[in-house]
Amino acid sequence: MDYNFQEIEKKWQAYWAEHHTFETKNNSDKPKYYVLDMFPYPSGAGLHVGHPLGYIASDIYSRYKRLKGFNVLHPMGYDAFGLPAEQYAIQTGQHPAVTTAKNISRYRQQMDRIGFSYDWSREVRTCDPSYYKWTQWAFLKMFQHWYNPQTQKAEPIETLVEKFRKEGKWDNLSEKEQADLLMNYRIAYLGETAVNWCPALGTVLANDEVKEGLSVRGGFPVEQKKMRQWQLRVSAYAERLLEGLDELDWTDSLKEMQRNWIGKSQGAEVVFHVVNGDKEYDVTIFTTRADTLFGVTFMVLAPESEWVEKLTSPQQKQTVEEYLAAAKKKTERERIAETRKVTGVFSGSYGINPVTGEKVPVWISEYVLAGYGTGAIMAVPAHDSRDYAFARTFNLPVVPLIEGCDVSNESFDAKEGIMTNSGFLNGMTVKEAIPAAIEYVEKMGIGHRKVNYRLRDAIFSRQRYWGEPFPICYKDGIATALPFEELPLELPEVDKFLPTESGEPPLARAKGWEYKGYPIERSTMPGFAGSSAYYLRYMDPKNDEALVDKDVNAYWRNVDLYIGGTEHATGHLIYSRFWNKFLYDLGYVCEQEPFKKLINQGMIQGRSNFVYRIKNTNTFVSLGLKDKYDTTEIHVDVNIVHNDRLDLEAFRRWMPDFATAEFILEDGEYICGAAVEKMSKSMFNVVNPDMVCERYGADTLRMYEMFLGPLEQSKPWDTKGIDGVHRFLRKLWKMFFDGDTFSVSEEKATPQELKALHKLIGKAQSDIENFSFNTTVSAFMIAVGDLSDLKCNKREILEPLVIVLSPYAPHIAEELWSLLGHEETITYARFPEYVEAYTVENNVTYPVQFNGKMKFTVDMPKSYSREEVEAAIRADAGTAKYLQGAAIKKVIVVPGKIINIVC
RNA sequence: GCCCAGAUGGCGGAAUCGGUAGACGCGCUGGUCUCAAACACCAGUGGCCGCGAGGCUGUGCCGGUUCGACCCCGGCUCUGGGUACCA
């Protein structure tokens, strides 16, 4: 009987759905295990073979854990709000909800075909009102809480009011003043800052949504603009987000990325007295190098700094204004392109160096950022390369502070050496001088120790339609929370998805978008809002009373294994951790960290194929001959190319232009060129999982994707090896059949058979636990190879073999399992016990035929001569027992330690 | 520039603790089956020398530690990823 994967896979997928095989209960005697995939954004293009890579790995792990006796939570859902659906809606008028639903059903179909063991009864969609009710709920909680730096946690805003009242800073304020005051403390707050404004998308974006001055979605230019926006006070949690990393089982590189993004730096704030004509001000700067105070020869303000206006002298006013205007006009991208180009103007005022008393000029330059520190710096050109470049351009003095350093051509940035020219710091090393200087500054009352973080608060409003509405209305201009009973505040209908003519967000088009006569906020929430707590909602997806029931949360706790791409390192994975910590502070969740172990699967790149058209003709020349002609390289659909050989007929049918194509072949074939590129529609290199399932079956697809290489590594999709994996499954199938009859013997297994089986069990177990899925596939191939060489068809061997295989190839495993006479699904079978005795050559209880290599520890003779060593081996009773007189071909000796013996 | 990761046959990749490098798969070569092809099966396959037994050489480059190094240490080169005037 042939291995009919089509039929088998259809049959078992239907069986699983009908029997709710993968539905999970919220209570069980079994230990819990939570395996989560990063849920996908359902795009119009559908899944390509790259998407399921992580899903297959997590599915294997889930199925493995079930076999090991765990109650496994393995859910899936959709990150369904987002820009592409809305851009599509703008172009076509089609409601984003409609396209999203359509895309979701296609995704579901594709995923079902791969045989995932998701508990679909727990599916969530971030755009469902019953789901975003809890996104809005969390937002309101953030609005109603503040971060108390004393207790290091979120507390109700009322405790802050109480504090102000006690300090006498409350009752004398007007209602508006009170609201404004609290806004400075709320965890979700309205605040004015420089934001990333993307004119093409008509919205602001968070820092992680911008890369190299372009929007991540769409690649449109982004500019800096001061705007009043909703923000989340993520920065308040900076220290806890940083500390929490230590206990997580994530890769070092990912933790490092988060550490850099949080960007903790320890230093001091120092006050400089600044004189502008007859006016005097105290300007605070931040530095990590307080030890270099004696080398300060000028100061610099960011162009956007509030000090600029106050510190510009009348004489310099015009020059400064021109400079500011020019700086303002530049887009973010232009600024990046012009990095290292030194620009700046003198403000006209002078600061006083607090340690030397010297007058230092105050300059204004783009190289100082308004958003970091205080937006003002002390410049030490001798020991900072940026200050150095500035000083050389504008002829400012350079005062070296470290013995023997040469600053004639470049600054000396290293934090090492002995201080000089530095008053009381002279003679100290830099490492001693930094704390000493800070201490001095504190004692003199001119500054204090300060820790700075690079991590910014998250901009939380988007001037878009397809997102969660804010449950906020404005009473006489005061932002006010809607009562919880009003949630979910559903997204209203609009006639068009574009901004209004006056530049208001699309929600301004919604009729009656108000609460009890008060206008409701018109922005919507960003993509990361819905994805920040979805892992909690899966625990209790139907609960209408709470995001997640307390007891249910206490059972599932947090995610044990999370699999997804690195691209979320500084976005979702930070926001989610922040969101979770906030809910933890409020007592809604029982764990500080949401994701215990995280694995980043690599990307599967596309492998594009090319044909070469001779210019101005419709003739195509094969790869090997193309250099003889003047040709144009054209991407050709990889689905009509097999092993780089073009299907000529399919090519003629592919596009009308090519219907009359002529070919110049080599050896009767057309060989295509190839290159590794991103998998995308425009390069015609997209391979759909459906195509692979059609041709080889889901089990082959699953095993092949794992076989491709280490999970974490990026690699191109290449179908070259897929036949080998398919061949393996057919070989396995054949072991159960004698001709067309299913034939399994009840005979007792031989030692060799047991050895082959247990080598597999041991290897599969440790490989799966180490997420080394590719080598497990090899282990399967070896075991099946060995067993078919032994013509093994014994139940005692084949039954455990099928169980071990089932996480990888669940359909064929179920079929064989049922043919073996089991009525229950294999999903909850017991993973076979690994018996080391069967596999270890020198095991006492079960000695197997000795041939090959062994490692022994024996007492070593004084010399390493062959005779003496061999004599020592044979003298060792335990070793000799297994040698059984076999000739020793080769011996590798370590003094008193290890011997490798080849017989 | 800074931080992180990596480099192994024609290709994807193994090597769990420092112990026979190249498992497994692909590809290729030869063979069996077939009228033929496909499928399947068997044998070979890092390089060099040799009919052969076998020998030499070999994990990006240079050096070190060790009886022994893909693995540990020092210095480079290259590739991938992150980040970028963060004071």
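Lettering follows sequence order; numbering is per chain, from 1.
A close approach under 4.0 Å does occur between a side-chain nitrogen or oxygen of A:Ser265 and OP1 or OP2 of B:A87. Contact annotation: A:Gln713 side-chain N/O to B:G13 OP1/OP2 distance is under 4.0 Å. Side-chain nitrogen and oxygen atoms of A:Tyr372 include at least one within less than 4.0 Å of the OP1 or OP2 phosphate oxygen of B:A87. A close approach under 4.0 Å does occur between a side-chain nitrogen or oxygen of A:Asn774 and OP1 or OP2 of B:A14. Distances shown here put every side-chain N or O of A:Arg727 at or beyond 4.0 Å from the OP1 or OP2 atom of B:G25.
Nucleotide B:C35 has no partner under the Watson-Crick or G-U criteria, as no pair reaches both atom distances under 3.5 Å. Using N1 to N3 plus N6-O4 or O6-N4 for Watson-Crick, or N1-O2 and O6-N3 for G-U wobble, each under 3.5 Å, B:U65 pairs with nothing. Base pairing of B:G1 is made with B:U83, judged by Watson-Crick or G-U wobble geometry with both donor-acceptor distances under 3.5 Å. With a cut-off of 3.5 Å on both pairing distances, the Watson-Crick or G-U wobble partner of B:G30 is B:C42. Nucleotide B:G6 forms a pair with B:C78, judged by Watson-Crick or G-U wobble geometry with both contacts under 3.5 Å. B:C56 and B:G47 make up a base pair, with Watson-Crick or G-U wobble contacts both under 3.5 Å.
In this structure, A:Ser253 and A:Tyr453 both approach RNA chain B, and ranking their closest nucleotides by distance from the 5' end singles out A:Ser253. Judged by closest nucleotide on RNA chain B, A:Met781 is the one of A:Met257 and A:Met781 placed further toward the 5' end.
When distances are taken from the side chain of A:Leu369 to each of B:C85, B:C24, B:G82, the shortest belongs to B:C85. Here the nucleotide nearest the side chain of A:Phe707, chosen from B:U16, B:C24, B:C41, is B:C24. Of the listed nucleotides (B:U16, B:A87, B:U83), B:A87 has the atom at the smallest distance from the side chain of A:Phe286. For A:Asp789, the side-chain atoms get nearest to B:C42 when compared with the rest of B:C42, B:A40, B:A87. You'll find that the side chain of A:Thr775 is closest to B:A15, out of B:A15, B:C24, B:A87.
Annotation: B:U32 and B:G81 have their P atoms spaced 50 Å apart (nearest Å). Spacing of C1' atoms, B:A21 relative to B:A14, comes out at 10 Å, to the nearest Å. Distance noted for atom P between B:A69 and B:C48: 25 Å (whole Å). When the P atom is compared between B:C62 and B:G55, the two are found 26 Å apart, to the nearest whole Å. B:C56 sits 23 Å from B:G60 when the P atoms are compared, rounded to a whole Å. For B:C42 and B:G80, the C1' atoms lie 42 Å apart once the distance is rounded to whole Å. Here the separation of B:G25 from B:G9, taken at their C1' atoms, is 14 Å to the nearest Å.
For A:Gln713, the CD atom counts as densely surrounded, since its 6.0 Å shell holds more than 12 non-hydrogen atoms of other residues, nucleotides or ligands.
With A:Ile364 as reference, A:Val345 is the one residue of A:Val300, A:Val345, A:Leu311 to meet the side chain to side chain contact (heavy atoms under 4.5 Å, CB included) rule.
Taking atom CE of A:Met703 as the reference point, atom P of B:C24 lies 16 Å away to the nearest angstrom. One atom, CG of A:Leu708, and another, P of B:A14, lie 11 Å apart when rounded to the nearest Å. The interatomic distance linking A:Asp723 (CG) with B:C24 (C1') rounds to 16 Å, in whole Å. One can place CG of A:Asn260 at 10 Å from P of B:U83, the figure rounded to the nearest angstrom. Remark: P of B:G12 and CE of A:Met706 are 19 Å apart, rounded to the nearest angstrom. In this structure, CD1 of A:Ile722 is placed 16 Å from C1' of B:C24, rounded to the nearest angstrom. Atom CZ in A:Phe728 sits roughly 12 Å away from atom P in B:C26 (whole-Å rounding). For the pair A:Lys731 NZ and B:C39 C1', the interatomic distance rounds to 14 Å; values are reported in whole Å.
Note: A:Phe728 and A:Phe780 have tilted aromatic rings, judged against thresholds of 30 and 60 degrees for the angle between ring planes. Using cut-offs of 30° and 60° for the angle between ring planes, the A:Phe5 and A:His726 rings count as perpendicular.
B:C17 takes the syn form, because its glycosidic angle lies no more than 90° either side of 0. In this structure, B:G82 is classed as anti because its glycosidic torsion departs from zero by more than 90°.
Counting non-hydrogen atoms under 4.0 angstrom, A:Pro710 reaches the backbone sugars and phosphates but no base. Note on A:Arg730: only backbone sugar-phosphate atoms sit closer than 4.0 angstrom, heavy atoms only; bases stay farther off. Among the atoms of the strands shown, base atoms are found under 4.0 Å from some heavy atom of A:Ile377. A:Ser778 comes within 4.0 angstrom of a nucleotide base, judged by non-hydrogen atoms across all strands.
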Derivation and outcome, side chain to side chain contact (heavy atoms under 4.5 Å, CB included), residues A:Glu269 and A:Thr287: CA-CA 6 Å; A:Glu269 280 188 350; A:Thr287 179; over 6 Å; no

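Under 4.0 Å is where a charged nitrogen must lie from a carboxylate oxygen, and between A:Asp723 and A:Arg727 no such pair does. Note on A:Arg392 versus A:Asp387: no salt bridge recorded, every NZ/NE/NH1/NH2 to OD/OE distance being 4.0 Å or above.
A:Tyr453 and A:Ser235 share no donor-acceptor pair across their side chains, judged by distance under 3.5 Å alone.
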